[in-house]
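All residue numbers refer to positions in the sequence shown, counting from 1. Bear in mind that the values here come from a model prediction, so they are computed numbers and not experimental data.
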Amino acid sequence: MSSNPVAATVASLMPRAKEELAELVAFESVADFEQFPRGESEGAANWVADALRAEGFQDVALLDTPDGTQSVYGCLPGPAGSRTVLLYAHYDVQPPLDEAAWISPPFELTERDGRWYGRGAADCKGGVVMHLLALRALKANGGVPVTVKVIAEGSEEQGTGGLERYAEEHPELLAADAIVIGDSGNFRVGLPTATATLRGMTMVRIQMDTLQGNLHSGQFGGAAPDALAALIRVLDSLRGEDGSTTVDGLTGDTVWEGLQYDEEQFRADAKVLDGVGLTGSGTVADRIWARPAVTVLGIDCPPVVGATPSVQASARALVSLRVPPGVDASEASALLQAHVERHTPWGARVVVEQVGQGQPFSADTDSPAYSAMARAMAEAYPGQEMQLAGQGGSIPLCNTLGTLYPKAEVLLIGLSEPEAQIHAPNESVSPEELERLSVAEALFLQMYAAG
């Protein structure tokens, strides 16, 4: 780490950062209130609001967004005439999924093998703590040289668009000269990376119906149309023989020109089982950053345990389609719906309902803010130059902010490097990455303020 006093301050604050991240991880803040108590998300929102107030933020508010969740806002005024920088993170998290697969409790921050484990540790409660660390380091070393706005979203993982709609209705609130989205990650631990592109996403629920009710498979099977079988055929039609996404009318041959992802390293990062092949064609970077990808997120059908010998009358699935920059998510969604309807067999009744959508994003990597971030990263990571990479995930707010504030420079950094295993059991964060990225963000604010 650099001998810069900012770096020394961040290092001294790391024990406090661990305590605070433990407090924040303890909230089961999944923004699905049919499965998790609303009070857990409200508790996390209040924690963030209290932390902002303690740092001197003004106008701290819990914003009631149209999707029924809360985003936390605050503003820390800088010197007169200074630039304004918006810092973003989200406090909501993915469900823990299979809790039995967690080595330690998902909502209890646990140190193991040099990493801190817990749901949201990297994605993205660690991002909230990263912003706090950077600001505290600046306050201890001459002050914060810009006006800082912080927005912590409460439903990013659900993709319901609450904050996007709120921002559109209150366009002055988040206006800034530069926007730092703390919700991506380095290409690998120790390699400073800014994310240049994001795939967008559309999410649909497919309902398949064929019968008025389930039937005995011995008495009616073979002639009675099986809704589950119809759904399986439709889902299978979304991929080619090599696993490539094959939505009718959707281009899938774009090439990624930048930083490449070694295939063996990807297999290790993704924990692909021995002997199992990767899906798709082209380079790994082509497949995960530049091309569409369909994923079946869930299927409603009888579980194996307790299943009866019946022809199923109904079945449904939740499907996501990631779309690369250059593809409009609304058009991709329409193509997906048309594909499902076209490939539904036997005249089965099918209903496709869109439940979430976000546009892809491309950053202006030639902007002054990127130049400042590159210098800050090089100082926070001695001997390393900042790399530009894509990310297969979606952050719909990026496009909303880019549309509302076309002159704002948007940068994406964060703690979700491959070892973090975000969205999976045993999510974790590297404390070294938290420390270095907090230093980088603080130095960026100084350098961006200086022009």
Side-chain angles (χ1 to χ4, degrees), residues 28-41 92-108 118-120 155 157-160 203-239 243 270-276 279 293-321 336-337 339-341 343-356 421-427:
E28 299 182 11
S29 51
V30 179
D32 180 349
F33 303 136
E34 293 183 0
Q35 298 188 69
F36 290 82
R38 181 183 295 270
E40 291 292 304
S41 288
D92 72 302
V93 298
Q94 286 284 337
L97 302 177
D98 181 6
E99 293 200 37
W102 285 78
I103 296 174
S104 52
F107 295 105
E108 181 180 315
R119 177 57 90 219
S155 57
E157 299 291 8
Q158 298 299 313
T160 47
M203 190 181 301
V204 299
R205 185 181 294 119
I206 302 171
Q207 175 73 43
M208 193 75 67
D209 296 289
T210 55
L211 304 165
Q212 291 184 357
N214 289 0
L215 298 173
H216 190 286
S217 62
Q219 186 176 2
F220 294 97
D226 183 331
L228 180 55
L231 178 62
I232 290 170
R233 289 180 68 106
V234 168
L235 298 179
D236 181 61
S237 74
L238 294 171
R239 286 184 177 270
K271 295 180 170 55
V272 180
L273 298 179
D274 290 344
V276 178
T279 55
V294 70
T295 304
V296 180
L297 304 180
I299 298 178
D300 284 342
C301 61
V304 171
V305 176
T308 62
S310 302
V311 178
Q312 300 300 311
S314 300
R316 65 176 185 167
L318 186 65
V319 173
S320 80
L321 175 64
L336 176 60
Q337 179 171 343
H339 178 107
V340 169
E341 293 170 350
H343 289 266
T344 295
W346 317 319
R349 296 180 183 178
V350 63
V351 175
V352 183
E353 175 191 3
Q354 184 171 302
V355 294
Q421 291 291 291
I422 63 171
H423 293 203
N426 301 304
E427 176 184 348

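- Inter-residue side-chain proximity for Gln158 and Val30 is flagged as met; some heavy-atom pair is nearer than 4.5 Å.
- Among all heavy-atom pairs drawn from Val276 and Val272, the shortest one is O-CG1, 3.4 Å.
- A donor-acceptor pair is defined here as one N or O able to donate and one able to accept, closer than 3.5 Å; no such pair exists between the side chain of Asp92 and the backbone of Ser29.
- Pairs of residues two or more places apart, or lying in two chains, that qualify as salt bridge (charged side-chain N to carboxylate O under 4.0 Å, His left out) and include a residue from residues 296-320 are Asp300-Arg316.
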Would you give me the side-chain donor-acceptor pairs under 3.5 Å for residues 97-106, sequence neighbours excluded?
residue: Asp98; atom: OD1; partner: Ala100; partner atom: N; Å: 3.1
residue: Trp102; atom: NE1; partner: Pro96; partner atom: O; Å: 2.8
residue: Ser104; atom: OG; partner: Arg112; partner atom: NH1; Å: 3.2

Apply side-chain contact (heavy atoms from CB on, under 4.5 Å) to the pair Gln312 and Met208, showing each step before the final yes or no. CA-CA 10 Å; Gln312 300 300 311; Met208 193 75 67; over 6 Å; no
Tell me, with the steps shown, if Arg119 and Gln94 meet side-chain contact (heavy atoms from CB on, under 4.5 Å). CA-CA 7 Å; Arg119 177 57 90 219; Gln94 286 284 337; 4.0 Å; yes
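- Between Ser41 and Phe36, every side-chain heavy-atom pair lies at or beyond the 4.5 Å cut-off.
- Qualifying side-chain hydrogen bond (donor to acceptor under 3.5 Å, both in side chains) partners for Ser314, counting only residues two or more places apart in sequence or in other chains: Asp209.
- Among the candidates Gln207, Arg205, Gln337, the single residue satisfying the side chain to side chain contact (heavy atoms under 4.5 Å, CB included) test with Glu353 is Arg205.
- Annotation: side-chain contact (heavy atoms from CB on, under 4.5 Å) contacts of Pro37 (sequence neighbours excluded): Glu40.
- For CZ of Arg239, the number of neighbouring non-hydrogen atoms (other residues, nucleotides, ligands) closer than 6.0 Å is greater than 12.
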Checking Leu336 against Leu238 for the side-chain contact (heavy atoms from CB on, under 4.5 Å) test, could you report, in this order, the C-alpha distance in whole Å, the side-chain angles of both residues, the deciding distance, and whether it holds? CA-CA 9 Å; Leu336 176 60; Leu238 294 171; 3.8 Å; yes
Scan the side chains in residues 220-228 for donor-acceptor partners under 3.5 Å anywhere in the protein, sequence neighbours excluded, and list what turns up.
residue: Asp226; atom: OD1; partner: Leu228; partner atom: N; Å: 2.9
residue: Asp226; atom: OD1; partner: Ala229; partner atom: N; Å: 3.2

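- Side-chain contact between Val204 and Val340 is absent, with no heavy atoms from C-beta onward closer than 4.5 Å.
- Note that CG of Leu211 and OG of Ser310 are 10.5 Å apart. Values are rounded to the nearest 0.5 Å.
- Contact of the Gln421 side chain with the Asn426 side chain is not registered, since no non-hydrogen atoms from C-beta on lie closer than 4.5 Å.
- Ser217 meets the side-chain contact (heavy atoms from CB on, under 4.5 Å) test with Pro309, Val311; sequence neighbours excluded.
- With contacts defined as side-chain heavy-atom distances shorter than 4.5 Å, the pair Thr344/Ile206 does not qualify.
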